[in-house]
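First comes the structure, then the notes that go with it.
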Amino acid sequence: MVRKMNYVYLVRCSDDTLYCGWTTDLKNRLAAHNSGKGAKYTRSRLPVELVYHEEYDDRHEALSREWHIKRMGREEKMSLIEGTNT
């Protein structure tokens, strides 16, 4: 049985805001965001650019990490992107 990898990601929107989400298919999710079929938040802020992601074997770990990242301030998220915070 092949297990799907779970990804938590940050995209930078055209207005320089950051959006955090999770998926099992990073390439297709990014394409969905940029086609306007992703999250409601990103639809009016196209295009988006992938700036950060993490991989998890377990879906629940990915969802938990997404929850934590969404509650971070912008400075903390920027530190993740720049690789100075874990």
Side-chain angles (χ1 to χ4, degrees):
M1 181 171 110
V2 176
R3 290 181 55 118
K4 286 191 175 187
M5 189 60 71
N6 296 274
Y7 301 92
V8 176
Y9 62 91
L10 283 168
V11 293
R12 185 185 323 273
C13 301
S14 63
D15 64 356
D16 204 37
T17 57
L18 298 170
Y19 173 82
C20 180
W22 84 276
T23 185
T24 57
D25 188 333
L26 201 50
K27 183 180 175 182
N28 283 340
R29 185 64 175 150
L30 188 59
H33 280 299
N34 278 316
S35 72
K37 296 179 179 165
K40 185 177 179 181
Y41 182 84
T42 61
R43 284 183 205 149
S44 62
R45 295 168 170 86
L46 298 177
V48 299
E49 171 192 12
L50 181 67
V51 292
Y52 180 79
H53 75 279
E54 298 175 0
E55 298 179 8
Y56 293 90
D57 291 324
D58 182 74
R59 177 178 166 276
H60 297 289
E61 287 180 42
L63 289 170
S64 176
R65 181 62 170 158
E66 177 198 25
W67 185 90
H68 284 92
I69 291 174
K70 284 187 173 190
R71 279 141 189 86
M72 288 180 177
R74 183 173 175 87
E75 283 186 27
E76 288 177 285
K77 291 175 187 175
M78 292 304 293
S79 291
L80 280 178
I81 293 166
E82 295 163 3
T84 58
N85 186 13
T86 54

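All values derive from a computational prediction rather than experimental measurement. Note that these values count all heavy atoms, side chains included, but never hydrogens, waters or copies made by symmetry.
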task = Taking all non-hydrogen atoms of both residues into account, name the closest pair between A62 and V8 and its distance.
result = O-CG2, 3.1 Å
Residues in side-chain hydrogen bond (donor to acceptor under 3.5 Å, both in side chains) contact with T23, at least two apart in sequence or another chain = none
key: Partner set under salt bridge (charged side-chain N to carboxylate O under 4.0 Å, His left out) for D16, not counting sequence neighbours   = R12, R74
remark   = By side-chain hydrogen bond (donor to acceptor under 3.5 Å, both in side chains), N34 pairs with (sequence neighbours left out) none
request  = Start with the C-alpha gap between E66 and K70, add the side-chain angles, then the distance that decides, and say whether salt bridge (Lys or Arg N to Asp or Glu O under 4.0 Å) holds.
outcome  = CA-CA 6 Å; E66 177 198 25; K70 284 187 173 190; 3.3 Å; yes
query = Got a second to check how far D58's CG is from R65's CZ, nearest 0.5 Å?
reply = 14.5 Å
request  = Locate the shortest heavy-atom distance separating R59 from N6; write the atom from each residue and the value.
outcome  = N-ND2, 3.4 Å
query = How does the hydrophobic cluster around L50 look, that is, which other residues are in it when side-chain heavy atoms under 4.5 Å mark a link?
reply = M5, Y7, Y9, V11, Y19, L26, L30, Y41, L46, V48
task = Check side-chain hydrogen bond (donor to acceptor under 3.5 Å, both in side chains) between D57 and all other residues, then give those that pass, not counting sequence neighbours.
result = none
note = Residue pairs passing the salt bridge (Lys or Arg N to Asp or Glu O under 4.0 Å) test with at least one member in residues 32-49, sequence neighbours excluded, are D15-R45
inquiry  = Going by side-chain contact (heavy atoms from CB on, under 4.5 Å), name the residues that satisfy it together with A31, two or more places apart in sequence or in a different chain.
reply    = none
query = Would you say the side-chain atoms of S64 pair up with the backbone N or O of H60, donor to acceptor, closer than 3.5 Å?
reply = no
query = How far does SG of C20 sit from NE2 of H68, to the nearest 0.5 angstrom?
reply = 12.0 Å
remark   = Those residues at least two apart in sequence (or on a different chain) that pass ring-ring contact (aromatic ring centres under 6.0 Å, His included) with Y56 are none
key: Common cluster, I81/M72, ILVMFWY with side-chain heavy-atom separation under 4.5 Å   = yes
